[in-house]
S.K.: 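Here you go, one structure.
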Protein chains: 2
Amino acid sequence: MQTTQEAGASEPGAGERRRRELLEAADRVVLRDGPKASMNAIAAEAGITKPILYRHFGDKAGLYQALAVRHTDALLDSLRAALDAPAERRSRVESTLDTYLAAIEARPQVYRFLMHPAEDSQSSERGFDVGLHSAPLLRRLGEELAQVVGERVDLGPGGEQLARIWGHGIVGMMHAAGDWWLGERPCARADLVAGLTDLLWGRLATAGNREDGPGF
Amino acid sequence: MQTTQEAGASEPGAGERRRRELLEAADRVVLRDGPKASMNAIAAEAGITKPILYRHFGDKAGLYQALAVRHTDALLDSLRAALDAPAERRSRVESTLDTYLAAIEARPQVYRFLMHPAEDSQSSERGFDVGLHSAPLLRRLGEELAQVVGERVDLGPGGEQLARIWGHGIVGMMHAAGDWWLGERPCARADLVAGLTDLLWGRLATAGNREDGPGF
DNA sequence: TGTTGATGTTACCGGCAGTAACCCGCGGGG
DNA sequence: CCCCGCGGGTTACTGCCGGTAACATCAACA
């Protein structure tokens, strides 16, 4: 076995490499079978059997979380790049939205997996800790955006909290609209981006009522 | 053969009543056990056994959908009321947001169930029909809001499509922010409502940059 | 050589969704 | 009066999944 080329207790990154291989196999299966990929299928794809997966990731939620972290990191890098590009604010928002939509458009299976992960863990708690149930991806995106907004935009007193509200709100808007758009494809990506940006730019407040209808 | 409207056993609508009883039992179980409620548990709560549930609802997704429709209808009624109240536009938006948040605050278990229902069905299709995976509740809310906006607000040419984009976007914003808020409770409900409304009213566009930081 | 520890396997458990096959009371026709 | 069909109900099963215990293999080291 070509391994252990250097003496001592196994080379430093062997475990890490193995882990990455497993994650890539899991990725392939999830990409092929959707979120209902079974541990057996993932293990088979990786050329091993279930207990090894469990030794590496604890349980299914652990594997899913590891997968999610990978993809979320990648997506966050893209989004940060768009958010940091030198341009005026509206252009940044547009290109960030477009980056997100392009990502989910390119790999809808991955996206779907990220949005509906494990759901359970134990969490048999009372009504407490109702949180953290949904996709952690959305939370991370929301917090990240909140941080960017909070440290760059002057929102006056209480701005930190307002930034968090906006961060999660904007991310949710992006997500839901993207989800719907990905399913129905009612328009080009650019149209969706423009529409959402208009919404964020307050066009709902300034638009007039229609002559017909009860008004709004 | 219809029926035997006399004689105690079956009267017109008996099936409907039975169905409602079953749904109420299912509701109780879901409220108690969360989204992982099993068909066995639901059947036991209803005082019957599994196959009857399957005769009534086909499969678990069918039961879940029936439950979801009930709650979604109820929630939609509340929201429509808030949306139709006579007041200026901003007040309507605020009271609609507040109604939604009050609902999820009052019954977080029901809310969680509605947001993460079945996930599977068969749907082993290719990349097609990627849609309708997530909670149908969000889709319904989005379409409903799109309709209200589209028929009341003058959005110029292409307004129908823009209204749909906004409908789904606003609903997603409301949902994600509510989800986060419900989990962390970082502020009072009214603060969240105000923050989101500010966002929709374009405050992101008009806010200035902070002196420190790279600007936005 | 024998021990130890990592690595991998088989074989199993409990629980779930979903189904097949049986069961029982009741009304109607001979 | 008896039997027959039929709708509502149950028991008992299949197949799959997540998760685990116990066993097997092999390298390195004393």
S.K.: Using atom CD of B:Glu21 as one end and atom C1' of D:dG9 as the other, report the distance to the nearest whole Å.
M.R.: 15 Å
S.K.: Touch check for B:Thr49, heavy atoms < 4.0 angstrom, all strands: base, sugar-phosphate only, or nothing?
M.R.: base
S.K.: Looking only at the side chain of B:Tyr54 (C-beta and beyond, no hydrogens), which of the listed nucleotides C:dT9, C:dT19, C:dC16 gets closest?
M.R.: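 Closest of the options to the side chain of B:Tyr54: C:dT19.
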S.K.: OP1 or OP2 of D:dG9 sitting under 4.0 Å from any side-chain N/O of B:Arg18?
M.R.: yes
S.K.: Is it the case that the base of D:dG19 and the side chain of A:Lys50 share a donor-acceptor contact (distance under 3.5 Å, atom types as modelled)?
M.R.: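 Under the 3.5 Å cut-off, the side chain and the base do form a donor-acceptor pair.
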S.K.: Quick check: are there more than 12 heavy atoms from other residues, nucleotides or ligands sitting under 6.0 Å from CD of B:Gln65?
M.R.: no
S.K.: Mark yes when over 12 heavy atoms from residues, nucleotides or ligands other than A:Glu94 sit less than 6.0 Å from its CD; otherwise mark no.
M.R.: yes
S.K.: Specify the separation, in whole Å, of atom CG of A:Leu53 and atom P of C:dT7.
M.R.: 14 Å
S.K.: For the pair made of CD1 in B:Ile42 and C1' in C:dA17, what is the distance, rounded to whole Å?
M.R.: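 My rounded result for the distance is 12 Å.
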S.K.: What is the distance, to the nearest angstrom, from the CE atom on B:Met39 to the P atom on D:dA12?
M.R.: 21 Å
S.K.: What is the distance from CG of A:Asn40 to P of D:dG15, rounded to the nearest Å?
M.R.: 16 Å
S.K.: Round to a whole Å and report the spacing from CG of B:Asp59 to P of C:dC16.
M.R.: 17 Å
S.K.: Report the C-alpha distance between B:His168 and A:Asp179 in whole Å, list the side-chain angles of each, state the deciding distance to 0.1 Å, and finish with yes or no for side chain to side chain donor-acceptor pair (under 3.5 Å).
M.R.: CA-CA 9 Å; B:His168 290 281; A:Asp179 199 59; over 6 Å; no
S.K.: Rounding to a whole Å, what distance do you find between B:Asp33:CG and C:dC16:P?
M.R.: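 It is 10 Å, rounded to the nearest whole Å.
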S.K.: In this structure, how many angstroms lie between the C1' atom of D:dC16 and the NZ atom of A:Lys60, rounded?
M.R.: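 One finds 11 Å between C1' of D:dC16 and NZ of A:Lys60, rounded.
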S.K.: Give a yes or no on whether a donor-acceptor pair under 3.5 Å exists between the nucleobase atoms of D:dG9, that is its base, and the side chain of B:Arg55.
M.R.: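 Per atom types, the contact qualifies.
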S.K.: Give the minimum heavy-atom separation between A:Leu83 and A:Arg152, together with the two atoms involved.
M.R.: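 Distance-wise, the nearest heavy atoms are O-NH1, 3.2 Å.
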